[in-house]
Amino acid sequence: MSVLVVVECDGGEVKKSSLEVASYGSQVAQMLGTTATAVAVGEATEANLAKLGEQGISKVLYDAEPRLKDFVNGAYTKLIAAAAEKESALVIVLANSNIGAAVGSRLSVRLQASLATNVVELPKNNGGSFTVKRGAFSGKAFADVVLSGDRKILAVKKNSIEALHEAGKTAQVESFSASLSDADFTDAPKQVVMQDQAGGVLLPEADRVVSGGRGMKGPENWHLIEELAQALGAATACSKPVSDVDWRPHHEHVGQTGITVSPNLYIACGISGAIQHLAGVNSSKVIVVINKDPEAPFFKAADYGIVGDVFEVLPKLTQAVKELN
Amino acid sequence: MKFLVCISNVPDTTTKITFTPDNKEFNKAGVQFVINPWDEYALTRAIELKEAQGSGTVTVLNVGEADTEPNIRKALAIGADDAIRVNAAPKDAYFVAQQIAAIAKEGAYDVILMGKESIDYNGFQVHGMVGEMLGIPTVAPAMKLDMSGTTATLEREIEGGKEIVEVAAPFVASCQQPMCEPRIPNMRGIMTARTKPLKVVEPVGEGARTSVAEYALPPKKQGVKLIPAESAGDLIKLLRNEAKVI
C-alpha cells in the first residue's frame, strides 16, 4: 500500500503545480501511515527529481523513453497504471491540469478507482468514509465528495495547497519501464507549438495575475497591463469580451467558460465583474479592482480597490513596484 | 460518418448558486437551464463537419430526466438529426460515462464529442472514462477539429501551448473554444426539431462511484478597502506590508 504522485516536468524542471501535488501526496501518505512514491512524466533531470525529497517524496520512478517527453494520453495512462500496480497504490494524486484530467479520467476506469477532480483540500476521514473538498459550479461553490472503493484518484487544483520545502531531503530516483509499444502512442503529437509568453509567466501556473477588460479600450493599450505584470512577475489575462473580439488570445480568457485561476494576487483593470468572470477568479487570495465606475460589481468581490482611470492608475502602480524592488 | 454529441443540462451562466436547506442538493427553484456552453462547441462542430462531408448523421445524447427535453429539442433545432435521452439523473461522471459508452457501442458511432467539462459539476472526466471504456483514443481538451476521410486532425491544449494530434476514428474529443462559433437555432430549425426523433432509454451499468455529502458557498469577502486614485502607489505598499502577496 502506498500513495502514488504523478509529477509533470517540462524542460527538465518539475512544474510548480506538481510540487504542490507531491506535497499533497506525501501528506496523504502520512495520514495513511505509508510512503509517497512519484512517477515523473515529461522531460526531467535526475537531479531535479531527487529534489522531490523536499516535498516528502521517498522514491521517484522515471521512464526516459524519448517519446514520453511530450504529452501522449495513451502512453502516459499505461505508464502511470503500471507504476500504480508496482507500488500497490491505493491513492493516486495528479495535478488538475489538462494532462492530469486527461490521464486521471482514463486511469480511473482502468484501475477501477473512484475519481475526484478540482480538489482543494487534504482528504478527511469521516468515520471511515474518504471525503475531499472540491470546487464546483465553476468556482461559485464547493462540494464535499465521498469517494467509494479501495482505490482513489485525486486531481488537485493549482495554488490550493502550499508546497512543502524540507531542505536537504532527497528522493531516490529509479528508472522504470512500462513496456510501451507503438499502439500506446496513437495520439502522439505530430507537432508541439508553445506560446510566446511575455515575461515567461504561464497563466495557469502564475502566483500573480494582471488582467484587463473592455475598459482597456483596445489591444494597443495592453502594454500598460504587460508593464505592471512584468514588474510584478505576473502573468497577463483578460475577460471574455476581450478574447471574443480578439484583442487577446483565447488562452488568456479567465472566467466560467475560460480558465479558472486561483493566484495569490489578481489585479483586474477595467473589468466590471460579471458573475461569469467572478466565477473564474474568486478563489484568488487577494483581489484588486481598478475601475472608473464606483458601482462596478467587481468591487463587492475585491479586497482592495481604486476608483479611477486605468490609464492614469496603471503607470503609477508600475512605478511604485519598480521603486519597491 | 456518425457523430454522437453528448450534452449536459446546466444552470445558465448568470445563475446565482444556492442550495437546499440541508446543503445536499443544488436549489433548482427559479433557475434557467441551458445546454452546457462547452457542449455547444461540440454540437456546432459536428454539424459543420457533417455538412462539409455532405453525408452522415449527428445524434445528440443527454443523460437526464424529462425536464432536460427542452434543451435536447434546442440541440435538434440547431441542427442535430436525432436524439437519445437516458432517463436518469446524472449521478456522477462515472455513471454518465457508462451510459455514453453503452450507447456509443450499440450505435457504432465514429466520432464522440462533448464539451471540455460541465459548468456545474466541473468534472472534466467523462471524455477519458468513455474513451477507456470503449478502448479508443481521447483528445482532451481540443481547440480545433478537422476531418479528412476517417482521420481527424486536432489541436490539443496543454499548459503553455498546444499539440497537433492525428487520430483515426473512432475517437472521443472534448471540445472548447476557439473550435467554432456556436450556432443558435433559427425558425426553420425550431419547426423541424419538433418532429425529429427523440428516443428515451433506461440507464445501464453499476451506478456511481462518488457522491456529494455537502455543498458550501465560498467565504464572503470582508469588504473592499479603497485607495484614492491620486495615491495609487500606496496600494503597492499595502500589498507588500498588509496582504503580503508581493
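Scope of the values below: all heavy atoms of this structure, side chains included, with no hydrogens, waters or symmetry mates. Note on naming: letters A, B, ... go to the chains in the order of the sequence lines (proteins, then strands), and numbering restarts at 1 for each one.
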Lys157(A)/Ser283(A) under side-chain hydrogen bond (donor to acceptor under 3.5 Å, both in side chains): CA gap, chis, key distance, verdict: CA-CA 11 Å; Lys157(A) 188 179 175 185; Ser283(A) 53; 3.0 Å; yes
Residue pair Thr15(B), Gln32(B): steps toward the side-chain hydrogen bond (donor to acceptor under 3.5 Å, both in side chains) verdict: CA-CA 8 Å; Thr15(B) 307; Gln32(B) 171 89 23; over 6 Å; no
Audit row: Thr138(B), Asn73(A), side-chain hydrogen bond (donor to acceptor under 3.5 Å, both in side chains) steps and yes/no: CA-CA 7 Å; Thr138(B) 41; Asn73(A) 206 342; 3.1 Å; yes
Worked check of side-chain hydrogen bond (donor to acceptor under 3.5 Å, both in side chains) between Asn118(A) and Asn122(B): CA-CA 8 Å; Asn118(A) 222 6; Asn122(B) 304 113; 4.9 Å; no
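In terms of heavy-atom pairs under 4.5 angstrom with chain A, the leader among Ala232(B), Ala213(B), Gly233(B), Ser211(B) is Ser211(B). Heavy-atom pairs under 4.5 Å with chain B peak, among Pro189(A), Ser114(A), Gly233(A), at Pro189(A). The candidate from Ile287(A), Leu107(A), Leu317(A) with the greatest count of non-hydrogen atom pairs under 4.5 Å with chain B is Leu317(A). Annotation: maximal heavy-atom pairing with chain B below 4.5 Å, among His250(A), Lys133(A), Glu323(A), His253(A), occurs at His250(A). When each of Thr210(B), Val10(B), Val167(B) is checked for heavy-atom pairs under 4.5 Å with chain A, Thr210(B) comes out on top. Contact count against chain A (heavy-atom pairs under 4.5 Å) is highest for Phe26(B) among Phe171(B), Phe26(B), Tyr94(B). No other option in Val193(A), Asn264(A), Leu314(A) has as many heavy-atom pairs under 4.5 Å with chain B as Val193(A). Heavy-atom pairs under 4.5 Å with chain B peak, among Asn325(A), Val145(A), Val192(A), at Val145(A). Contacts with chain B were tallied for Gly258(A), Pro263(A), Pro294(A), Gly308(A); Gly258(A) has the most, counting heavy-atom pairs under 4.5 Å. By number of non-hydrogen pairs under 4.5 angstrom with chain A, the leading residue of His127(B), Arg156(B), Lys16(B), Met133(B) is Arg156(B). Options Pro178(B), Pro37(B), Ala140(B) differ in how many heavy-atom pairs under 4.5 Å they form with chain A, and the most are formed by Pro178(B). Each of Lys116(B), Met129(B), Glu159(B) has some count of heavy-atom pairs under 4.5 Å with chain A, and the biggest count is that of Glu159(B).
Side-chain contact annotation: Lys16(A) with Asn159(A), donor-acceptor N/O pair under 3.5 Å present. No side-chain N or O of Gln125(B) forms a donor-acceptor pair with one of Ser108(A) less than 3.5 Å apart.
Looking at Ala116(A), only its backbone comes within 4.5 Å of chain B, counting heavy atoms on both sides. Only the backbone of Ala301(A) comes within contact range of chain B, judged by heavy atoms closer than 4.5 Å. When heavy atoms are compared at a cutoff of 4.5 Å, Pro218(B) approaches chain A by way of both its backbone and its side chain. Within the 4.5 angstrom heavy-atom criterion, no atom of Val289(A) approaches chain B. Interface residue Lys221(B): only side-chain heavy atoms are found under 4.5 Å from chain A. Of the atoms belonging to Asp70(A), heavy atoms from both backbone and side chain fall under 4.5 Å from chain B. With a threshold of 4.5 angstrom between heavy atoms, Ala113(A) approaches chain B through N, CA, C or O but not through any side-chain atom. For a residue to count as touching a neighbouring chain, one of its non-hydrogen atoms must lie under 4.5 Å from one of that chain's; by this rule Arg110(A) touches chain B with backbone and side chain alike. Heavy atoms of Lys15(A) lying under 4.5 Å from chain B belong exclusively to its side chain. For Lys300(A), the part sitting under 4.5 Å from any heavy atom of chain B is the backbone (N, CA, C, O) and nothing else. Neither the backbone nor the side chain of Lys322(A) comes within contact range of chain B, judged by heavy atoms closer than 4.5 Å. Heavy atoms closer than 4.5 Å to chain B are found in the side chain of Leu232(A), but not in its backbone. Heavy-atom distances place both the backbone and the side chain of Glu157(B) under 4.5 Å from chain A. Heavy atoms closer than 4.5 Å to chain A are found in the side chain of Leu235(B), but not in its backbone. Proximity to chain A is absent for every atom of Leu154(B), based on heavy atoms less than 4.5 angstrom apart.
Between Phe298(A) and Tyr266(A), the ring-plane angle classifies as tilted under the 30° and 60° cut-offs.
For the pair Lys316(A)/Val313(A), no side-chain contact is recorded, criterion being any heavy-atom separation below 4.5 Å from C-beta on. Contact check for Thr20(B) versus Lys28(B): no side-chain heavy atoms found under the 4.5 Å cut-off. Counting heavy atoms from C-beta on, the side chains of Lys240(A) and Gln177(B) never come closer than 4.5 Å. The shortest side-chain heavy-atom distance between Val41(A) and Val103(A) does not fall under the 4.5 Å cut-off.
No donor-acceptor distance shorter than 3.5 angstrom exists from the side chain of Arg183(B) to the backbone of Leu43(B), with no hydrogens or angles considered. Looking only at distances, no side-chain donor or acceptor of Thr131(A) sits under 3.5 Å from a matching main-chain atom of Val146(A).
Of the inter-residue distances, the one linking Ser118(B) atom OG with Asp39(B) atom CG reads 8.0 Å to the nearest 0.5 angstrom.
Lys24(B) forms no cation-pi arrangement with Phe19(B), by the criterion of a distance under 6.0 Å to the ring centre and an angle within 45° of the ring axis.
Salt bridge Asp146(B)/Arg45(B): present, at least one basic N to carboxylate O contact under 4.0 Å.
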